[in-house]
Q: 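My structure is below; once you've seen it, I'll send some questions.
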Amino acid sequence: MTPPGPPWHARPAWAQTDGTALPPPPGPGEVQLWLMSLDEPAWPSADLHALLDTQERERASRFHFELHRLRFAHGRGLLRRMLAHCTGVAPDALRFEYGAQGKPRLVGQRNGSVPLAFNLSHSGPYALLGLSDGAEIGADIEVPRAVPELNDIAAQNFAPGEQRTLRALPVERHADAFLACWTRKEAFVKALGGGLSVPLDGFEVSLDPDAPAQLLRSADPAHPVADFTLWAGRTPNDCWAACAVRRPQATVRTLTLR
């Protein structure tokens, strides 16, 4: 289903705000997509580190390079800050539980708080946080890059219709179309809470980089196309971004945390 809003090539505007002027949590039928820097986070690095629980610190320590340890810690700290703003729970008091495929969700939101669902994606120095009014959501961000093996990856993972569309495009547009398709598919899989359990060729998305995102087909009757909004756009730093939410005609707001 095509969401309301500007087409892909119109480059949606990303409103900017800092940690002292955050808007209210997403209301009914609304999605907030937050672009965040992992190298220059909106709050001091030491403050974000102090919010992490034991498990998050252990996960950060497993990264070989210091840069990757910092980015992971900053991402989790930023997530806690944003969820705390939405729920009214202190950021270091938030607790998470994990689905069968590892997707996190909040445990026991404060009574009276706005229902909230979230998904965090990161690529290089950037993170994308999707927030919804409780509707299941998936988000994905990809730093632009060359993908020399894109034809092989598409043959192994894309639906037949997606492969045909990719082949029909001029060669010079293949890299953009591939990343457009990949982020949209990843967002949909994350919205379902799945990883490898969701076959990537079991649903089909649009991949024309110059057209609005669409969920075209879903082979699973439990996840009909009409139940979802699929959104995609480029970020101010030219990353590929997408989100899928189980809410027809959801309104997507794009924001930058600085």
Side-chain angles (χ1 to χ4, degrees), residues 1 3 25-36 53 55-56 59 72 75-76 78-80 82-84 86-87 89 94-109 113-123 127-142 153 156-159 162 180-206 213-232 240-253:
M1 176 172 292
E30 184 184 37
V31 170
Q32 293 179 2
L33 274 185
W34 286 92
L35 177 66
M36 306 184 295
D53 63 20
Q55 183 185 45
E56 289 167 329
R59 289 178 64 187
F72 175 83
R76 295 297 294 196
L78 288 167
L79 173 64
R80 285 179 171 274
M82 298 299 288
L83 295 181
C86 291
T87 63
V89 178
L94 291 166
R95 296 293 177 263
F96 301 94
E97 58 185 2
Y98 297 85
Q101 300 298 321
K103 184 179 181 180
R105 53 182 175 265
L106 283 172
V107 176
Q109 297 184 54
S113 64
V114 175
L116 190 69
F118 69 92
N119 192 230
L120 180 70
S121 175
H122 53 83
S123 181
L128 185 70
L129 174 62
L131 301 172
S132 82
D133 63 340
E136 288 300 326
I137 186 171
D140 193 59
I141 185 170
E142 298 287 344
I153 297 174
Q156 295 170 10
N157 297 281
F158 286 7
E162 294 165 344
C181 185
W182 188 262
T183 51
R184 297 170 191 192
K185 291 180 81 68
E186 282 287 306
F188 184 68
V189 167
K190 292 177 182 179
L192 301 185
L196 297 177
S197 65
V198 179
L200 290 176
D201 60 357
F203 63 95
E204 184 177 343
V205 301
S206 62
Q214 290 182 283
L215 178 61
L216 301 173
R217 180 183 64 85
S218 173
D220 189 340
H223 310 301
V225 169
D227 283 1
F228 291 86
T229 294
L230 180 64
W231 178 97
W240 301 87
C243 79
V245 60
R246 194 185 285 267
R247 180 83 74 210
Q249 296 294 328
T251 300
V252 179
R253 293 181 62 196

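These values consider heavy atoms only, across backbone and side chains, with no hydrogens, waters or symmetry-generated copies.
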Q: Please enumerate all residues that pass side chain to side chain donor-acceptor pair (under 3.5 Å) together with Arg105, with sequence neighbours excluded.
A: Glu97
Q: If every non-hydrogen atom of Pro26 is compared with every non-hydrogen atom of Asp133, which pair is closest and at what distance?
A: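 Result for this residue pair: O-CB, 4.0 Å.
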Q: Looking at Leu79 and Phe118, what are the two nearest heavy atoms and their distance?
A: CD1-CD1, 3.8 Å
Q: So, do Asp227 and Pro224 sit near enough that their side-chain heavy atoms are less than 4.5 Å apart?
A: yes
Q: Could you report the tightest heavy-atom contact between Ala250 and Val245, atom names first, then the distance?
A: CB-CG1, 3.7 Å
Q: Would you say the side-chain atoms of Lys185 pair up with the backbone N or O of Leu200, donor to acceptor, closer than 3.5 Å?
A: yes
Q: Keeping the roles fixed (side chain from Asn157, backbone from Ile153), state whether a donor-acceptor pair exists under 3.5 Å.
A: yes
Q: Drop me the distance from Ser123's OG to Asp140's CG, to the nearest 0.5 angstrom.
A: 8.0 Å
Q: List the steps and the verdict of side-chain contact (heavy atoms from CB on, under 4.5 Å) for Leu128 and Leu33.
A: CA-CA 7 Å; Leu128 185 70; Leu33 274 185; 4.2 Å; yes
Q: The test is side-chain contact (heavy atoms from CB on, under 4.5 Å); show your working for Val31 and Trp231 and say whether it passes.
A: CA-CA 10 Å; Val31 170; Trp231 178 97; over 6 Å; no
Q: Would you say that Trp240 contacts Trp182 through its side chain, given a criterion of any heavy-atom pair below 4.5 Å between the two side chains?
A: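 SC-SC contact between Trp240 and Trp182 ruled out.
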Q: Check whether any side-chain heavy atom of Gln214 sits under 4.5 Å from a side-chain heavy atom of Arg184, and report yes or no.
A: no
Q: Look at the side chain of Ser132 and the backbone N and O of Ile137, then say whether any donor-acceptor pair between them is shorter than 3.5 Å.
A: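 The answer is no, because no donor-acceptor pair under 3.5 Å joins these two groups.
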Q: Got Ser121 and Lys190 here, is their nearest side-chain heavy-atom distance under 4.5 Å?
A: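 Answer yes - side chains close enough.
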Q: How long is the straight-line distance from CD1 of Ile141 back to NE2 of His122, given to the nearest 0.5 Å?
A: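 Interatomic distance, His122 NE2 to Ile141 CD1, rounded to 0.5 Å: 11.0 Å.
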Q: So Leu131 and Trp34, do their side chains get closer than 4.5 Å, heavy atoms only?
A: yes
Q: Between the side chain of Asn119 and the main-chain N/O of Gly130, is any donor-acceptor distance below 3.5 Å?
A: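 No; zero donor-acceptor contacts below 3.5 Å.
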Q: Determine, for Arg247 against Glu136, whether the closest basic-nitrogen to carboxylate-oxygen distance falls under 4.0 angstrom.
A: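 No, this pair does not count.
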Q: For Phe188, give me all partners under ring pair (Phe, Tyr, Trp, His ring centres under 6.0 Å), at least two apart in sequence or on another chain.
A: Phe203, Phe228
Q: Do you know which two heavy atoms are closest between Arg76 and Arg59, and how far apart they sit?
A: NH1-NH1, 4.2 Å
Q: Check the pair Arg95 / Leu106 against side-chain contact (heavy atoms from CB on, under 4.5 Å), numbers first and verdict last.
A: CA-CA 6 Å; Arg95 296 293 177 263; Leu106 283 172; over 6 Å; no
Q: Identify the heavy atoms of Leu94 and Ala84 that sit nearest to each other, and give their distance.
A: CD1-N, 3.8 Å
Q: Test your reading of the model: is there a side-chain donor-acceptor pair from Glu162 to the backbone of Ala159, 3.5 Å cut-off?
A: yes
Q: If you compare all heavy atoms of Leu120 against all heavy atoms of Ala127, which two are closest, and at what distance to 0.1 Å?
A: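 Looks like CD1-CB, 4.1 Å.
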Q: May I ask you to decide if Thr183's main-chain N or O and Glu186's side chain share a donor-acceptor pair within less than 3.5 Å?
A: no
Q: Checking Arg80 against Phe96: charged group under 6.0 Å from the ring centre and within 45 degrees of the axis?
A: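 No; the conditions do not both hold, so Arg80 does not lie above the ring face of Phe96.
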Q: Can you check side-chain contact (heavy atoms from CB on, under 4.5 Å) on Leu216 and Val225, steps first, answer last?
A: CA-CA 7 Å; Leu216 301 173; Val225 169; over 6 Å; no
Q: Can you list the residues that meet the salt bridge (Lys or Arg N to Asp or Glu O under 4.0 Å) rule with Asp220, with sequence neighbours excluded?
A: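 If we apply the salt bridge (Lys or Arg N to Asp or Glu O under 4.0 Å) test to Asp220, skipping adjacent residues, there are no hits.
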